[in-house]
*Asks:* 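Let me give you the structure first, and then I'll get to my questions.
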Amino acid sequence: MAGFFHKSIEFLKGIGPEKAALINKELGYFNYGDLLQHFPFRYEDRTIFRKISSLTDGLGSAQIIGKIVRFETIGVGRKQRLIGKFQDETGEIDLIWFQGIKWIQQKIKLGLIYVVYGKPIRYGQRFSLSHPEIEPSGKTTLNKQFLHPVYHTSEKLKRSFLDSKALSKIMKLLLAGAIPHIQDKLPPAIREQFSLIDKKFSLIHIHFPKDQISLKKAQYRLKFEELFFIQLRLITLKLARIDKFKGITFKNSELLNNFYHTLLPFSLTTAQKKVIKEIYADFRSGHQMNRLVQGDVGSGKTIVAFMCMLIAVGNDTQCAFMAPTEILAEQHYHGLKEFAEPLGIKMACLTGSSKKVERISIQERLDSGELKILIGTHALIEDKVKFKKLGLAVIDEQHRFGVAQRAKLWNKNKTYYPHILVMTATPIPRTLAMTLYGDLDISTIDQLPAGRKPIITRHMRDAQRIQLFSLIEKEIEKGRQVYIVYPLIEESATMDYKDLMDGYESIARRFPQLYLSICHGKMKSADKDHEMKRFTKGETHIMIATTVIEVGVNVPNASVMVIESAERFGLSQLHQLRGRVGRGGEQSYCLLVTGMKLTLEAKIRMQTLVESNDGFRIAETDLKLRGPGDPMGTQQSGALDLIISDLATDGNILNLARNAATDLLKRDPLLRAPENQILKNHIASFNKSAVNWSKIS
Ligand code: ADP
Ligand code: MG
């Protein structure tokens, strides 16, 4: 059975070793099973014919019936092209061929009725189709079928005659061969409960739908299946983890009470309290905690983490607090030291630039147990850093860390796993969270501290610089500080640098009396830190920087965030940047500066930010605009190789699938029932092949 789907595609009629190698390379498919999952990305309705007189710009593809009345050859050599004058009773268009001219001239008969299909392009008053599909009318195989599959292919594949139409022919053969081997992996009870059609039917109709209804049914079934198995796997892992990994039990601690009643400088928001309670419940449960705390920028995650660390320290264990950059690590260190010192808690900061003597001393104090909280960057997770008794690991701004790095933290305590608290300021839409972090518990701080004024966001064009400068000037006169951020151009560090320097110079010219800081990727990290510190201390008025300041940096006195070339940033990133201001009580501004010409998508991005300060709403829009491919603007989502589902639009199906998986596992946690064997085997085979990303963090 499995044998069929594991056969190499080179054995398929119409493919062979060379084309197989090309398909491997271009599409990543190796065997029959892979190729069968190359679903069409859209369908064309070939029952509709257009009249030539009704062609308009931007129509997409059109199907026309008519005849070629004469051929013309234009140009010579490589520029030569063949033009067929194609007429119906309403007008005439040009069919154009650049290649295979001879063959076309032999094959196509003048005066015979043909069906042509292609994308009409207008030159002046006249439309043309280049390299159209063309078949004699009547005997056409094309329009027997209602909806035609259109498959993704590539230029290279097309050059080897593997265009969408060729793929569709291959698919037809493959599908015919596959049908006897297709086994339905969803138990009948679930199929019945959710009215899902069977697997064979769904595969046939996803590739060659009989009509819209069968297509919808096929899509629904396949999406459900895909999401169901992801959820089943995640929930199984979570149950296994809860079962297997005993956690250290923490009791209430005097340390926390002490802090809460004497040192905490403000009252916690209801949301902060709720999240601390959720975490404390995990601490007491006897199971190892794996919790993600989501909270918009400025929602006050740091203090939540600190209070949890106090519980851990009060229970005689150590804590690690990992931040993504040195600047952030140091900022946390200095910020939290003010609280830790009066409580008699020893803290240290370990980063890539810590000196050797310092490292040795830190290690000694970790070994002796004297050092309670170690804050730092990646340097924390190096194997040589050892704790006496790590009880809680906090990872701030989680998306900056790779999965492997999180796994390392997890293994820092050999006798039991430390509790893990992951914090992110990139709100993840629920659907995405359920899929990315389906095996984590999720807490949300959905409230900002009282007294914050919503940031006013404006979209400005390059030409409005005078206005921009005067706003900056006014704010600085009030004693505030300003950020000006330039995009990082991945491909060209030199370009970056140039934009930034030009910006710096124009600011320096305009505001000769002000002190400026500058931060960019070419600077040594000690220099960056130095500049950042000057700004933090209020010694400089304006911080001009590339995106190094994106994450977490806290300068409450800063009230203006100018983002240059804002169209180059993703929505989430813009929202993150904006979150650097509005941290004090005064009115803050975010100014998005762009050129005049913007793509529609860029306009939507600017508009969304101008209208909303709500990170969750922004994340939803981001997901809709970009798809889940790269939700955090990082490489973390390789885990999300969804074949057919779309997390932006399939939230409902996801919910159903997740509930179905939860119910099933409630009834049969180990999938022991005979009717669930098939599920169990399927997950097992999946776990073997996939990277086990979901166990981590
Ligand atoms: P983020 O969630 O973005 O990491 P921070 O933890 O940096 O936010 O908090 C932002 C600012 O808000 C800090 O200056 C912090 O001291 C302050 N803060 C946190 N919680 C409260 C609260 N409940 N009331 C007032 N200010 C708070
Ligand atoms: Mg933070």
Side-chain angles (χ1 to χ4, degrees), residues 256 259-261 263-277 279 291-310 321-340 349 373 375-377 394-401 421-428 442-455 480-481 483 532 535-538 548-559 561 572-586 588 590 613-616 618-619 632:
L256 178 67
F259 171 76
Y260 188 76
H261 293 296
L263 287 171
L264 183 66
F266 37 71
S267 48
L268 294 176
T269 63
T270 315
Q272 285 171 315
K273 283 186 199 156
K274 177 196 72 186
V275 170
I276 292 174
K277 274 189 197 135
I279 294 168
R291 188 170 283 278
L292 175 77
V293 172
Q294 296 194 67
D296 214 340
V297 276
S299 60
K301 294 182 289 294
T302 319
I303 203 75
V304 167
F306 183 70
M307 292 174 70
C308 295
M309 291 198 282
L310 290 180
F321 188 149
M322 186 157 75
T325 62
E326 291 195 7
I327 292 176
L328 259 183
E330 297 210 341
Q331 188 175 300
H332 281 321
Y333 175 68
H334 293 295
L336 296 179
K337 211 164 74 171
E338 281 173 34
F339 298 139
C349 186
I373 298 178
I375 296 183
T377 53
V394 179
I395 305 175
D396 194 19
E397 309 297 351
Q398 175 273 341
H399 59 281
R400 288 295 176 100
F401 289 101
L421 183 63
V422 171
M423 302 199 295
T424 174
T426 308
I428 307 165
I442 299 179
S443 290
T444 306
I445 307 183
D446 49 6
Q447 190 181 18
L448 294 182
R452 297 256 173 92
K453 292 205 178 75
I455 301 165
R480 310 276 173 255
Q481 289 163 283
Y483 291 104
M532 201 59 225
F535 186 68
T536 313
K537 285 189 206 146
V548 285
I549 58 146
E550 179 189 345
V551 180
V553 173
N554 192 15
V555 181
N557 189 47
S559 69
M561 167 63 66
S572 294
Q573 211 184 1
L574 289 168
H575 180 62
Q576 284 290 313
L577 283 168
R578 176 168 62 179
R580 298 306 113 218
V581 296
R583 308 201 133 217
E586 75 285 358
S588 294
C590 173
N613 268 307
D614 176 354
F616 282 90
I618 289 165
M632 290 91 186

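Indexing begins at 1, ligand by ligand and atom by atom, following the structure's order. None of these values were measured; they are calculated from a predicted model.
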*Asks:* Please report the shortest heavy-atom distance between S299 and Q272, naming the atom on each side.
*Replies:* O-NE2, 3.5 Å
*Asks:* Any side-chain heavy-atom pair from N613 and I455 closer than 4.5 angstrom?
*Replies:* yes
*Asks:* May I ask whether S267 places a heavy atom under 4.0 Å from ligand 1?
*Replies:*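 S267 counts as a contact of ligand 1 under the 4.0 Å cut-off.
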*Asks:* Can you tell which part of R580 has a heavy atom less than 4.0 Å from ligand 1: side chain, backbone, both or neither?
*Replies:* neither
*Asks:* Which atoms of ligand 1 are found less than 4.0 Å from any heavy atom of T269?
*Replies:* 23 (N)
*Asks:* Which is it for M423 and ligand 1 at heavy atoms under 4.0 Å: side chain, backbone, both or neither?
*Replies:* neither
*Asks:* Verify side chain to side chain contact (heavy atoms under 4.5 Å, CB included) between V555 and R580, making sure each step is shown before the conclusion.
*Replies:* CA-CA 7 Å; V555 181; R580 298 306 113 218; over 6 Å; no
*Asks:* So is R452 close enough to ligand 1, meaning a heavy atom under 4.0 angstrom away?
*Replies:*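 Checking ligand 1 against R452, which is what was asked, there is a heavy-atom contact under 4.0 Å.
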*Asks:* Could you name the option among A450, A305, P265, G300 that has the heavy atom nearest to atom 8 (O) of ligand 1?
*Replies:*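 Nearest heavy atom to atom 8 (O) of ligand 1 lies in G300.
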*Asks:* For ligand 1, is there an N or O atom under 3.5 Å from any N or O atom of V297?
*Replies:* no
*Asks:* Could you walk me through whether V422 and V293 pass the side chain to side chain contact (heavy atoms under 4.5 Å, CB included) test, one step at a time?
*Replies:* CA-CA 6 Å; V422 171; V293 172; over 6 Å; no
*Asks:* Side chain, backbone, both or neither: which applies to L268 and ligand 1 if a contact is any heavy-atom pair less than 4.0 Å apart?
*Replies:*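 The part of L268 near ligand 1 is the backbone, not the side chain.
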*Asks:* Look at the rings of F259 and F339 and say which category their plane angle falls in: under 30° parallel, 30 to 60° tilted, over 60° perpendicular.
*Replies:* perpendicular
*Asks:* Is Q481 reaching over with its side chain to a backbone N or O of F535, donor-acceptor style, under 3.5 angstrom?
*Replies:* yes
*Asks:* At a 4.0 Å cut-off, with the gap strictly under it, does some heavy atom of G295 reach an atom of ligand 1?
*Replies:* no
*Asks:* Out of I445, D396, L292, I395, which one pairs with M423 under the side chain to side chain contact (heavy atoms under 4.5 Å, CB included) rule?
*Replies:*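 Of all the options given, the one that passes is D396.
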*Asks:* Which option out of Q272, R583, Q294 puts a heavy atom nearest to atom 7 (O) of ligand 1?
*Replies:* R583
*Asks:* Going by the atom numbers of ligand 1, which of them fall below 4.0 Å from some non-hydrogen atom of T302?
*Replies:* 4 (O), 5 (P), 6 (O), 7 (O)
*Asks:* Is it true that P556 lies under 4.0 Å from ligand 1, counting heavy atoms only?
*Replies:* no
*Asks:* If you measure only the distance, is there a donor-acceptor pair under 3.5 Å linking the side chains of H575 and D296?
*Replies:* yes
